[in-house]
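Notes to accompany the following structure.
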Protein chains: 2
Amino acid sequence: MSTLVAPTPEAGSKPAQILEAAGKLFLDHGYGAVSMDAIAKTANVSKATLYAHFGSKDELFRAMVARECKGQTMAAVCEEARTLEMAEGLRLVARHFVTLILSPQALAGYRVVVGEAHRFPELASAFYDAGPARTMEQVTAFMVDLDRRGLLAIPDPQLAAEQFVGLIKSHTHLRFLLCLSERPTEEQLTRVVDGAVSLIIRGYAP
Amino acid sequence: MSTLVAPTPEAGSKPAQILEAAGKLFLDHGYGAVSMDAIAKTANVSKATLYAHFGSKDELFRAMVARECKGQTMAAVCEEARTLEMAEGLRLVARHFVTLILSPQALAGYRVVVGEAHRFPELASAFYDAGPARTMEQVTAFMVDLDRRGLLAIPDPQLAAEQFVGLIKSHTHLRFLLCLSERPTEEQLTRVVDGAVSLIIRGYAP
DNA sequence: GTCTATATACAGATAGAC
DNA sequence: GTCTATCTGTATATAGAC
C-alpha cells in the first residue's frame, strides 16, 4: 500500500510554492489540462527548478494529492458526538461530513482523482485510504458506540455507517461534482442532514 | 439547455466507427490521455476523415457522451415495480439501479464526465439531464405512488427518492469509481439492496 | 468522401551557465 | 539551487491528391 505521507516542505520554500501552485491548477483544471510551464509560472519558479524538486509531472501530481489529503478528518467530531444526546450527535457528524464533502477543495480533489483513477490506480487507492476509508472507520466506530449504549439496535455497524454517509451524500453530492451548483444553501444542508438523521433513527430504533 | 440528442449515424458507417472507437478510448483512458491519432487508428479511418465528420476533439467528445447516454433508463423498471408487492417493487428498483451504476460503461462515463466537469460544464449539465435527473424523476414518481397507495407515509417524495438512491450508491459506488473493485459480488449487491429497502420501509412506515 | 503527408504549436524534460 | 535556452517528441488540425 503506497502511503500518501510525503515530507511537508517548510513553508515559503520553493517546493512549498510549487506544491501550492500545482494544487491550485490541478484541482481547478484537471491533470491533463495543466502544463508544467503553467505550474512553474504560477509558482514564480523556473521549470528547471520545478524538475529539480519533482522528477516528473506524475510525481508532482502525487505529491499534490498527498498534500491536499491532510487535515480532512472526521475523528475529532466523532469523538465529540459521543458526548452528546443521540440525535444531536448524529446531526453534528452529518453536518460536519456534508460541509466537508461539499467544500470546493474536496470537490475539486474528488473530481481530479476520480477522473484519473484509470491512469493512476495506486493514487486512487492511496486517496481512498487517506480519506474516505478513514472517515468510514470513524463513523462505523460511532455506530458501534450507539449500539453499545443501547440507543439504537445496529446489527451491522459498517452497513449502517455506509448508509448514513450515503444518505448524506445522497443526490446533492453529484450535483456539486458536476458543477451544477456553486454553494450549498443553509436550507439544502438542513434538509439533507435532518432527513438522514431521522431516517437512521427510525430505521434502527431498538 | 443543450440537449444531448445527436443524430445517430447509420450502423457500419464511418461516423459510427469513429464514435465507437472514441467511446472505447475516451471511456477507458479519459479525455486528455487520448489523441485523435489513436481514435483514427482504432476506427480504421484516417485522421482527415475523422475531422471531416467531427470538427474538433471537443465536438467528438460531446457526440460520444451523447451516444453513451442513450438506453440507460429506469422508466420501464419503475413501471413494473408498481405492479408488485411493496418490498419486492423496491427491491426490483434498487437492484436495477445498482446494476446500472456499477456497470463498466456507466462507471467509465461517470469518471470521464466528472473529471472534465470543469472544462465542459455544459456537457456535465447535459449528462445530468439525460441520466441522473431522469432517474430521479422516475424514482420520485414511484415514491409518490407508494404514498398514494398508503403503503408508506412520504411527506417529501423527492427527498425520499434521493435518500433511496443515496442508500443504494452508498459507499460501494465510490469504491468502484476509484477502481478499487472490479465486479460486484452477488453478496455485495444483496447486502446493499436489502439494507436500503428495509431502511426505507422502516423509516417511512405509516 | 477518403486518403497521405505536412504545418504548426506546445508539451515534458534537460544542458549548461551562474 | 536556480536560472535561460533548448532538445525532442507528439498533439491538434489542415492542404492537396485521388
Side-chain angles (χ1 to χ4, degrees), chain A residues 6-67 112 115-116 118-120 122-123, chain B residues 6-67 112 115-116 118-120 122-123:
Chain A
T8 310
E10 51 180 323
S13 64
K14 292 287 161 86
Q17 289 176 43
I18 294 170
L19 273 178
E20 190 164 350
K24 230 188 171 89
L25 294 177
F26 278 138
L27 292 182
D28 277 2
H29 305 104
Y31 179 81
V34 173
S35 70
M36 294 296 260
D37 279 283
I39 295 171
K41 203 167 184 176
T42 304
N44 284 317
V45 161
S46 79
K47 215 163 36 154
T49 301
L50 201 165
Y51 276 97
H53 290 281
F54 302 93
S56 68
K57 190 179 179 183
D58 281 24
E59 193 179 322
L60 178 56
F61 184 63
R62 285 173 220 275
M64 181 277 290
V65 173
R67 191 188 108 119
V112 72
E116 302 297 334
H118 245 121
R119 206 181 338 185
F120 299 102
E122 346 77 57
L123 183 67
Chain B
T8 308
E10 50 180 326
S13 65
K14 291 288 162 83
Q17 291 175 41
I18 293 170
L19 273 179
E20 189 164 351
K24 230 187 170 90
L25 293 177
F26 279 139
L27 292 182
D28 276 3
H29 305 103
Y31 180 80
V34 174
S35 70
M36 294 296 259
D37 278 285
I39 295 171
K41 204 167 184 177
T42 303
N44 284 318
V45 162
S46 81
K47 220 165 28 157
T49 300
L50 200 166
Y51 275 98
H53 290 281
F54 302 93
S56 68
K57 189 178 177 181
D58 281 24
E59 193 179 321
L60 177 55
F61 185 63
R62 286 174 220 276
M64 182 278 290
V65 172
R67 191 187 107 120
V112 74
E116 302 296 335
H118 244 122
R119 201 171 356 174
F120 300 101
E122 345 78 57
L123 182 67

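Only this structure's heavy atoms are used, side chains among them; waters, hydrogens and symmetry mates stay out. A note on names: the letters A, B, ... follow the listed sequences, proteins ahead of strands, and every chain is numbered from 1.
Taking B/H118 as the reference, A/R111 meet the side chain to side chain contact (heavy atoms under 4.5 Å, CB included) condition, with sequence neighbours excluded. Here A/D28 pairs with nothing under the salt bridge (charged side-chain N to carboxylate O under 4.0 Å, His left out) rule; sequence neighbours left out. With sequence neighbours excluded, no residue forms a ring pair (Phe, Tyr, Trp, His ring centres under 6.0 Å) with B/Y51.
Counting only Watson-Crick or G-U wobble pairs whose defining distances are both under 3.5 Å, the stems of 3 or more consecutive pairs in DNA chain C are C:1-18 with D:1-18.
The two atoms that bring B/R62 and B/E122 nearest to each other are NH1-OE1, 2.5 Å, heavy atoms only. Contact detail for B/N44 and B/Q17: the closest heavy-atom pair is O-OE1, 4.3 Å. The shortest non-hydrogen separation linking A/V112 to A/G30 is CG2-CA, 4.0 Å. Across every non-hydrogen atom of A/L50 and A/V45, the tightest pair is N-CG1, 4.0 Å.
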Tell me which donor-acceptor pairs under 3.5 Å the side chains of residues 34-42 of chain B have, and how far apart each pair is, sequence neighbours excluded?
from  : atom 1 : to    : atom 2 : distance (Å)
B/S35 : OG     : B/A38 : N      : 3.0
B/D37 : OD2    : B/K47 : NZ     : 3.3
B/T42 : OG1    : B/A38 : O      : 2.9

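The distance from the NZ atom of B/K57 to the CE atom of B/M64 is 10.5 Å, given to the nearest 0.5 Å.
If you walk DNA chain D from 5' to 3' and mark each nucleotide with an atom closer than 4.0 Å to a heavy atom of chain B, the marks span D/dA11 to D/dA15.
For residues 30-41 of chain B, proximity to DNA chain D is found at B/V34, B/S35, B/M36, B/D37, defined as any non-hydrogen atom under 4.0 angstrom from a strand atom. Taking a 4.0 Å limit (strictly below) on heavy-atom distances, residues 46-54 of chain B reaches DNA chain C at B/S46, B/A48, B/T49, B/H53.
Every pair passing ring pair (Phe, Tyr, Trp, His ring centres under 6.0 Å) that includes a residue from residues 20-45 of chain B is listed here, sequence neighbours excluded: B/F26-B/Y31, B/F26-B/F61, B/Y31-B/F61, B/Y31-B/F120.
Side-chain atoms of B/E116 and B/L123, non-hydrogen and from C-beta on, never get closer than 4.5 Å to each other.
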